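Notes follow the structure.
Everything numeric here is computed off the predicted structure, so don't read it as measured data. Index from 1, following the sequence.
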Amino acid sequence: MKYNRCGKSGLLLPEISLGLWHNFGSVDNFENAESIAVEAFDKGITHFDLANNYGPVPGSAETNFGKILWHNFQGNLRDEIIISTKAGYTMWDGPYGDWGSRKYLLSSLDQSLKRMKVDYVDIFYSHRPDPETPIEETMMALDYAVRSGKALYVGISNYSAEQTRVAVDVLKQLGTPCLIHQAKYSMLERWVENGLLDVLEEKGVGCIAFSPLAQGLLTDKYLNGIPENSRAHNPNGHLKENEVTQERIQKLVQLNEIAQNRNQSLAQMALAWLQKDKRITSVLIGASSVRQLNNNIECLQNLEFSSDELNAIEKILS
């Protein structure tokens with residue numbers, strides 16, 4: 001595992017980080033979740049990414065991760081891992097359990113620390129911009145999280161390029177630099193290329209890509225349509241059936257041919273493709289099993305792309 005410097009900070013993050021968005025909630029098998037986390041650490045993944053509402057039920061991923069920490073990462077091992085969490089999406093009912101107010105962010109952080117049974121998190125994020133709250137208030141809450149010792153660094157997620165520029169400048173004025181931006185980025189979701197990555201490079205902020213496999217679309221699962229046990233077939237899933245169009249399937253088939261010529265799976269190639277841009281500090285993967293985790297990590301065995309491969313990929317994606 002290679003570790004990349006996060007922006008202009010002193011912090012190094014692994015090329016691959018583990019996200020606990022799925023498969024770590026109260027409805028999931030705890031022993032399986034624990035095995036995935038331990039295997040990830042053994043393979044050099046030191047960064048574990050959560051949010052207050054991850055589950056289901058909301059909060060249960062943090063609770064389960066706290067148990068995993070207690071069982072496996074006692075003592076100095078806490079100093080060898082990076083834990084991040086976020087607040088910004090709906091966590092509890094009423095006027096104080098959503099968006100970006102100082103009240104919500106700091107209350108949520110306290111709850112997250114209690115669920116995980118830790119004294120601090122390494123990175124605390126504003127999970128999304130709040131159109132009704134001044135960005136200065138949201139950034140002041142992040143600044144306070146660091147000054148109070150409850151977070152070592154702060155970041156933002158899902159902010160546009162212009163919102164990011166403002167947020168980074170406010171945090172700099174407050175004296176707490178913005179460490180990182182967590183952005184949705186994949187072969188099929190490329191909005192970050194329209195200005196955001198340029199802002200992050202200019203400001204010295206790292207970037208970690210989430211949903212790098214487009215909720216499973218960039219795997220071999222959908223090459224022949226929508227299988228019964230897929231996320232797209234689940235009416236409660238984040239990937240909708242209408243997103244798996246015949247046109248998109250044809251693109252996936254063509255991309256898969258390139259991947260096979262590289263001796264990679266489509267998923268491995270999609271993960272490697274993101275890391276060709278040096279502005280990407282880390283790629284955030286999920287895993288439903290140890291086997292899937294290790295298959296994804298194997299993308300690191302072939303990160304180089306020829307100009308012909310990149311041109312062919314661009315032609316397919318366009």
Side-chain angles (χ1 to χ4, degrees), residues 11 17-38 40-41 45-128 130 133 137-157 176 179-180 182 208 210 284 286:
L11 188 67
S17 299
L18 182 65
L20 280 64
W21 184 12
H22 302 291
N23 306 308
F24 284 79
S26 56
V27 300
D28 301 299
N29 181 282
F30 176 79
E31 288 73 21
N32 182 58
E34 185 172 39
S35 296
I36 293 169
V38 171
F41 182 74
I45 293 178
T46 53
H47 179 209
F48 299 89
D49 180 76
L50 299 108
N52 57 354
N53 62 340
Y54 287 176
V57 296
S60 60
E62 288 182 330
T63 299
N64 280 339
F65 187 65
K67 294 176 183 176
I68 292 170
L69 288 175
W70 181 256
H71 291 167
N72 303 279
F73 296 94
Q74 283 294 294
N76 292 336
L77 281 179
R78 171 64 183 94
D79 299 329
E80 297 185 28
I81 63 175
I82 301 295
I83 302 171
S84 60
T85 195
K86 318 175 196 72
Y89 284 94
T90 304
M91 183 59 194
W92 63 84
D93 293 335
Y96 313 120
D98 201 351
W99 292 105
S101 71
R102 181 185 181 96
K103 169 72 172 176
Y104 171 47
L105 293 181
L106 296 178
S107 297
S108 178
L109 177 56
D110 284 341
Q111 293 179 19
S112 292
L113 297 178
K114 289 177 182 177
R115 279 191 291 268
M116 290 188 281
K117 294 183 170 61
V118 294
D119 296 326
Y120 69 95
V121 293
D122 297 275
I123 307 170
F124 181 52
Y125 286 91
S126 166
H127 207 166
R128 63 172 170 174
D130 181 350
T133 298
E137 178 179 338
T138 301
M139 296 307 109
M140 286 176 68
L142 296 184
D143 172 64
Y144 178 81
V146 171
R147 294 184 186 278
S148 64
K150 296 175 182 179
L152 300 186
Y153 302 91
V154 294
I156 56 178
S157 182
T176 298
L179 174 79
I180 193 167
Q182 187 169 136
I208 181 168
F210 78 87
L284 190 59

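- Leu18 contributes atom CG, which lies 11.0 Å from atom OG1 of Thr46 (distance to the nearest 0.5 angstrom).
- Atom CD1 of Ile208 and atom CD1 of Ile123 lie 7.0 Å apart (nearest 0.5 Å).
- Counting all heavy atoms, side chain and backbone alike, Ser157 lies closest to Gln182 at OG-O, 2.8 Å.
- Nearest heavy-atom pair, Gly88 versus Asp98, reported as atom, atom and distance to 0.1 Å: O-OD1, 3.2 Å.
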| task | In sequence, state the C-alpha distance, the side-chain angles, and the governing distance for Leu109 and Val121, and then conclude on side-chain contact (heavy atoms from CB on, under 4.5 Å). | result | CA-CA 9 Å; Leu109 177 56; Val121 293; 4.1 Å; yes

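- With Tyr120 as the aromatic partner, Arg78 meets the cation-pi criteria of under 6.0 angstrom to the ring centre and within 45 degrees of the ring axis.
- Ser17 has its side chain out of reach of Asp49: every pair of non-hydrogen atoms, C-beta onward, lies at least 4.5 Å apart.
- The backbone N or O of Ser84 sits nowhere less than 3.5 Å from a side-chain atom of Asp122 that would complete a donor-acceptor pair.
- One side chain, Tyr54 or Lys86, offers a donor N or O that lies under 3.5 Å from an acceptor on the other.
- Residues Asn53 and Met91 approach most closely at CA-SD, 3.6 Å, considering heavy atoms.
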| message | Go through it in stages, so that I can follow the logic: the residues are Leu142 and Ser126, the test is side-chain contact (heavy atoms from CB on, under 4.5 Å), and I'd like the CA-CA distance, side-chain angles, deciding distance and then a yes or no. | response | CA-CA 8 Å; Leu142 296 184; Ser126 166; 4.2 Å; yes

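- Of the possible polar contacts, one joining the Asp28 side chain to the Gly25 backbone as a donor-acceptor pair under 3.5 Å is found.
- Donor-acceptor pairing under 3.5 Å is recorded for the side chains of Asn52 and Ser108.
- For CG of Asp119, the number of neighbouring non-hydrogen atoms (other residues, nucleotides, ligands) closer than 6.0 Å is 12 at most.
- Judged by distance alone, the side chain of Ser26 and the main-chain N or O of Ser60 form no donor-acceptor pair under 3.5 Å.
- Between the OG1 atom in Thr63 and the NZ atom in Lys117 there is a gap of 7.0 Å [rounded to 0.5 Å].
- Between the side chain of Ser148 and the backbone N or O of Ala145 there is at least one donor-acceptor pair closer than 3.5 Å.
- The two residues Phe48 and Ala40 have their closest heavy-atom pair at CE2-CB, 4.3 Å.
- Rounding to the nearest 0.5 Å places CG of Leu179 at 14.0 Å from CZ of Phe124.
- No salt bridge links Arg102 with Asp143; every basic N to acidic carboxylate O contact stays at or beyond 4.0 Å.
- Residue Phe41 forms a side chain to side chain contact (heavy atoms under 4.5 Å, CB included) with just one option from Leu77, Asn72, Ile68, and that option is Leu77.
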| task | Show your reasoning for whether side-chain contact (heavy atoms from CB on, under 4.5 Å) applies to Met139 and Val154. | result | CA-CA 9 Å; Met139 296 307 109; Val154 294; over 6 Å; no

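- Among all heavy-atom pairs drawn from Phe210 and Leu284, the shortest one is CB-CD2, 3.9 Å.
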| message | Under the criterion side-chain contact (heavy atoms from CB on, under 4.5 Å), I'd like the reasoning laid out for Ile83 against Phe65: C-alpha separation, chi angles, the key distance, then a yes or no. | response | CA-CA 10 Å; Ile83 302 171; Phe65 187 65; 3.9 Å; yes

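- To the nearest 0.5 Å, atoms CD (Glu34) and CZ (Phe24) are separated by 10.0 Å.
- Taking CG from Asn64 and CG from Leu20, the interatomic distance works out to 9.0 Å, rounded to the nearest 0.5 Å.
- Within 6.0 Å of OH on Tyr96 lie no more than 12 heavy atoms contributed by other residues, nucleotides or ligands.
- Contact between Glu62 and Met116 at its shortest, heavy atoms only, is O-CG, 3.3 Å.
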